[in-house]
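Structure first, then comments.
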Amino acid sequence: MKILLVIPLSNYPQMHPAFLSNTDFPVGFAYIAAALKQAGHKVFGLNPNNDTRYESAQELLKARLIQSLIETNPHMIGLGGLSTDIHFIADAIQIIRSVRPHIPIVCGGGIITNDAEYVFKRLRPDFCIIGDAERALVQLVEMLEQGSALFDTIPNLGYWHEGHARFSPRLRNDEPVDSYPFPDYEPFDINSMLGEHALVTRYQYRYTRSHPVPMTLVAARGCPFRCSFCVNNDDKRYRFRSIGNIMDEIRVLYEKYHFNILIILDELFAVHRDRLQQFATALLEGRARYGWDFDWSFQTHASANIDQATLQLAKQAGCFFFSYGIESASPTVLASMNKRTQPEQIEAALKLAEQVQVGFGGNFIFGDPAETFQTALESLEFYKKHCLYAHVNVGSVHPYPGSRLFDYCLEQGIIADKSKYYDNIDQVSYNMTRLPQQEWVRLMTEIMQFTSQCGVPVVETQAARQDPGATERERHGNGNRSPWELIFNCPHCSHGIYTRMLLVNEEVLQAYASFVTGCPVCHKRFIVKAAASERPDLY
Ligand code: SF4
């Protein structure tokens, strides 16, 4: 069977053009592609991101989707994404139905897993799959090929029967993740994400390399924690891959794509420091045996208890950055979030990162139901005291479907109408605190003002010129930005830095361009103000 998998446009339809680096590519699609190919099917991919030729996101989607349908003539179409991709998926279904009404459409990903019944009935694809889709989709394709309709025998499947939505029995997927084929990125325009669009990668993922080639890897599925705001509530089991299986994938990816940065995407990579030690030791062997030369980063939970020796070993193996979900420095809010961390653990991680000279990052998210002016003050004081030089950002808590917070908002009437919630997803903020609305608005405004005025060090460029080595596609394929070569000194350790950034030409020429970055030696954060100035002696 021929299957077309369609990747959502980032921030559709508000952001246009939408740029997507490989680090933000939804890896689930690559796993699905690999499973389908292994079962003997032909897979086509449509990744409409990074396309600057159209006036609007809607126009782009329509043109590219119809073109793909004509060129590939698929027997089935796979759509999916997160809850925030609902408008993209809705529009894609409508376009497909208008030109190819009889091709079955299957929908999956977090948008289904976290709110299957509502989303299935609202979007009305032909099928949906809850949770891991590798096996279920292959089974469904085979069933359709055979002309059978015993859909109830495929676990975790949504389908239509006489006009009514039906769901087959839910089954926990106990298959070892090692048994899945490695993700296959080939159908999804991987080379341009690694090439001319690599500089759209978030800076935390690439500040150690001026010519980043960023690759990603998923080392486990599931999470044993239950944070109230998190949508990873479907599977409390932590299903991790063996270190040998991970190394095999790295070897395949390295030979194929010659990446120089590896981002381990797991929210919880090292559930305990032993796993980090095993991973780092295996990487050191790989570096010695295969000449691997890449930097890597990971995220984990404070309870992993990473110590200095383990982080030192990780650094020796190329680790340049790690992050925790910080969320808050108020014990009251952390308890309300069921975060199971203490502010002291974050403080310890910041100190450890400084000792070992590895980058550290995380996010504060304000607005949990337990948030007050007092708890916010505790977090802001912590931020000011400990986080100015680390890669720590500030934002607000959102109640996404699948989280306990979303259920709380429905129960409390904070989200009064689910349909309107989805209509305006990510465009509206919800006051989940006990503060009156006006007070809450004042609190959130003051938080954002406080952090924007906080003293992250600023440095000016010594030289900035348009990169003479940039390819045509790099220059003209990134909207109003093009690659600039920049030279400056780290304001923390004085290390001389050469890097490349995508900047708006006019802003550099008029000397008001600025960006946040990190030092590849001390790994601390700072802001660079860029003004065009050639200084060929410095390059
Ligand atoms: S926020 Fe992180 S630690 Fe908490 S449940 Fe989600 S993935 Fe697990």
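Numbering of ligands and ligand atoms starts at 1, following listing order. A quick note: this is a predicted structure, and the numbers were derived from the prediction, not measured.
By the 30° and 60° cut-offs, the orientation of the rings of Phe294 relative to Tyr254 is tilted. Classification of the Phe322-Tyr324 ring pair by plane angle, with boundaries at 30° and 60°, yields perpendicular.
Within ligand 1, the atoms closer than 4.0 Å to a non-hydrogen atom of His301 are 3 (S), numbered from 1 in the order shown. Within ligand 1, the atoms closer than 4.0 Å to a non-hydrogen atom of Asn232 are 7 (S), numbered from 1 in the order shown.
By the 6.0 Å and 45° rule, Arg221 stacks over the aromatic ring of Tyr31.
By the neighbour-count criterion of 12 heavy atoms within 6.0 Å, atom CZ of Arg442 is densely surrounded, having more than that number from other residues, nucleotides or ligands.
Counting protein heavy atoms only, atom 2 (Fe) of ligand 1 is closest to Glu267 CB, 4.1 Å. Residue, atom and distance of the protein heavy atom nearest to atom 6 (Fe) of ligand 1 are Cys230 SG, 2.3 Å. Remark: minimum distance from atom 4 (Fe) of ligand 1 to any protein heavy atom is reached at Cys227 SG, 2.3 Å.
Counting all heavy atoms, side chain and backbone alike, Leu502 lies closest to Val200 at CD1-CG1, 3.6 Å.
Atom 6 (Fe) of ligand 1 does not have Cys223 among its coordinating residues (no N/O/S atom, backbone or side chain, under 2.8 Å).
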